[in-house]
Amino acid sequence: MEQRNIRNFSIIAHIDHGKSTLSDKIMQITDTVSFRNHESQILDDMDVEKSHGVTVRSRTVRNLYHDRNGQTYELNLIDTPGHVDFSYEVSKSLSASDGVILLVDATKGVQAQTVANYKIAKANHLPVIPVINKVDNKNAQIDMCEQQIYDLDDSLIEKNILHISAKTGLNVDQVLESIVEEIPQPNGDIDAPLKSLIFDSIYDSYKGIIAYVRIYDGKLRANQKLKFMSNNQSFENNEIGIFTPSLKPVKELHSGDIGYIVTGIKDPKGVRVGDTITSKLEPTIHAVPGYKPVRSVVYAGIYPKNSNYDDLKMAIEKLSLNDSSLYYTEDNSDSLGQGFRCGFLGMFHLQIVRERLINDFDISVIVTNPNVNYRVILNGNEAINNIDNPAKMPNFSKINSIEEPYDEVKMKVPSSSMSKVMDLANQSRGILITMDNDSNLVELTYELPVAEIAYNFFNKLKSISHGYATFDTKFLEYKVSDIVKISIDVNYSPVDALTFIVHRNNASQLAQSIVHKLKYVMPKKLYPIPVQAYVEGRVIARVDIPPLRKNAAVSGEKKSISKKQALLRRQNINKRKISSANIILPQRIFDAILGI
Ligand code: GDP
Ligand code: MG
């Protein structure tokens with residue numbers, strides 16, 4: 001297809017606003033898929049992908065659209081992930097698009113992820129087609145939605161907002177017309193050397209890694225010798241093709257096209273999203289720019305539970321293929337064995353990774369307590385950067401100071417909830433930098449420790465402001481902070497996986513709540529088990545887990561109470577000696593701790 005008849009676009013929306021339904025409807029209108037068997041939500045069918053291996057259905061799809069004037073267009077819908085924690089992932093798929101449909105549910109209005117995704121589209125300088133969906137619903141509030149869309153950005157006021165029902169198909173044809181009219185055609189040079197951007201990838205057990213690419217310049221042919229721009233590694237593609245949405249081989253792709261390359265590479269680290277693929281014999285000079293390296297915000301250990309390390313390893317490698325924002329290295333823990341230290345974009349990302357390990361790979365894991373990374377200055381002034389694992393924190397006697405990462409956080413909040421937001425920021429060790437009044441909105445700029453915002457800050461902010469606050473973060477710097485390590489001993493031996501790094505002010509309260517949680521979740525033994533929390537060599541919290549109630553092996557009931565107790569005591573000591581120091585920690589311990 002000629003570039004002037006190609007349009008590459010994405011749909012951005014808050015979860016449940018109808019992205020999948022609209023994608024399906026577009027495929028239906030363009031006859032991309034026949035709906036005779038009426039499979040609902042074709043694009044969400046992950047299980048189909050799994051069971052069919054190579055006939056995988058992409059959620060990126062090419063639609064052929066015949067417009068009113070008899071022209072045929074190739075409309076490539078590029079799928080984006082839905083959640084705000086994945087803004088990196090969104091920006092990665094948006095970098096392959098030339099424009100976006102901003103979809104808003106008429107019954108809900110603009111919501112958090114609508115705003116977040118819109119910002120990413122704007123940062124990518126993409127034209128936006130605003131669309132209000134679900135107008136068939138009797139609770140639709142179209143005027144309210146229009147106003148909220150205009151409030152999102154003044155420049156949208158000149159836009160005509162479409163009112164559609166993705167479900168019934170009402171006005172979806174107008175969406176297709178707008179895509180053709182408002183989204184620019186690709187403008188690559190078909191005669192230049194091949195330049196293609198990897199915006200996604202999947203692992204296929206037969207074919208190896210399949211890279212999803214946007215061709216910027218030149219032509220890509222089947223069985224061509226290719227190479228990655230990042231590391232000059234060369235390979236020959238075994239197959240190239242398009243998304244219909246099943247993978248369909250073709251002989252050639254050219255500038256403007258969206259397609260896939262079967263690389264034949266099996267090592268999940270061998271293909272990186274964001275990299276540029278070019279021709280080996282006639283390479284391009286510059287890679288596609290604009291990829292920022294990912295910044296992990298929280299780190300946690302992931303260890304196999306009831307499954308083996310090799311299965312977990314394969315699963316994590318495959319996950320990281322799909323999710324280039326997942327960072328991992330191998331790690332070892334005395335109490336949990338061989339596993340991984342992983343870095344995540346946020347807590348939600350951690351949760352999703354854990355769920356995908358269970359749902360997609362059937363692997364259950366133990367996830368240790370999350371933390372940010374720290375910088376330590378030793379007494380001799382030597383600095384250790386990137387301590388992402390509490391177990392790696394040096395002994396306190398060697399430490400001169402500890403620095404923790406701070407973000408600059410800009411919040412726009414309704415003036416009615418300003419004081420509550422300021423309380424929240426203060427409790428989170430925030431430093432107020434500026435405060436600007438803009439009619440009934442106040443813009444607050446704070447410096448906040450990443451550790452404080454990584455976990456629950458956003459949810460609290462949303463609830464205080466009844467959903468109206470917006471929140472923007474940018475890494476600022478590492479600042480010296482009064483940070484301490486809490487170590488936990490169970491039965492007098494340290495449990496490395498239960499080590500926490502916290503601000504000193506929070507240490508005592510956290511230590512108390514950890515040992516008390518442990519009291520309820522630790523499996524009981526025949527003898528009492530002491531659980532102690534230490535900071536800088538001092539015990540700051542302790543509980544004794546009571547022994548199992550036992551039928552005291554006391555001969556006869558006639559003996560005096562004191563003799564009975566003496567006997568029990570002796571028995572305790574013996575039992576403790578007999579049992580190896582090994583205390584097995586069940587997952588519920590880590591679940592309980594993670595819940596703090
Ligand atoms: P996604 O999370 O953005 O992909 O949202 P879905 O496409 O899965 O839609 C979420 C829910 O909204 C589903 O139950 C859909 O049936 C429903 N839905 C989507 N579009 C419409 C619409 O135009 N009208 C009505 N009434 N419901 C819709
Ligand atoms: Mg969906």
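Remember, it's 1-based here, ligands and their atoms both numbered in the order they're listed.
Salt-bridge annotation for D407 and K474: absent, with no side-chain N of the basic residue lying under 4.0 Å from a carboxylate O of the acidic one. Salt-bridge check for R214 with D200: failed, with every basic side-chain N at 4.0 Å or more from each acidic carboxylate O. R62 has a carboxylate O that lies under 4.0 Å from a charged side-chain N of D257, or vice versa, which qualifies the two as a salt bridge.
For K134, heavy-atom contacts with ligand 1 shorter than 4.0 Å involve the backbone as well as the side chain. When heavy-atom distances to ligand 1 are checked against a 4.0 Å cut-off, N133 comes that close only through its side chain, counted from C-beta outward. At a 4.0 Å heavy-atom cut-off, ligand 1 touches D136 through the side chain alone.
Here atom 15 (C) of ligand 1 lies nearest to T21 when heavy atoms of L170, L22, T21, D24 are compared. Atom 4 (O) of ligand 1 has its nearest heavy-atom neighbour, among S165, S20, G169, in S20.
Close contacts between ligand 1 and K19 involve ligand atoms 1 (P), 3 (O), 4 (O), 5 (O), 7 (O) [criterion: under 4.0 Å to a heavy atom].
For the 3.5 Å distance criterion, the side chains of N8 and N76 qualify, holding a donor opposite an acceptor. For T60 and D79, the side-chain atoms include no donor-acceptor pair closer than 3.5 Å.
Considering backbone and side-chain N/O of I164, none are found under 3.5 Å from N/O of ligand 1. Considering both main-chain and side-chain atoms, T168 never comes within under 3.5 Å of ligand 1 through any nitrogen or oxygen pair. Inclusion of I15 in the set of residues having an N or O under 3.5 Å from an N or O of ligand 1 is not warranted.
Between Y212 and F199, the ring planes lie perpendicular to each other; the angle is over 60°, past the 30° to 60° tilted range.
Here the side chain of K318 pairs no donor or acceptor atom with the backbone of I202 at under 3.5 angstrom.
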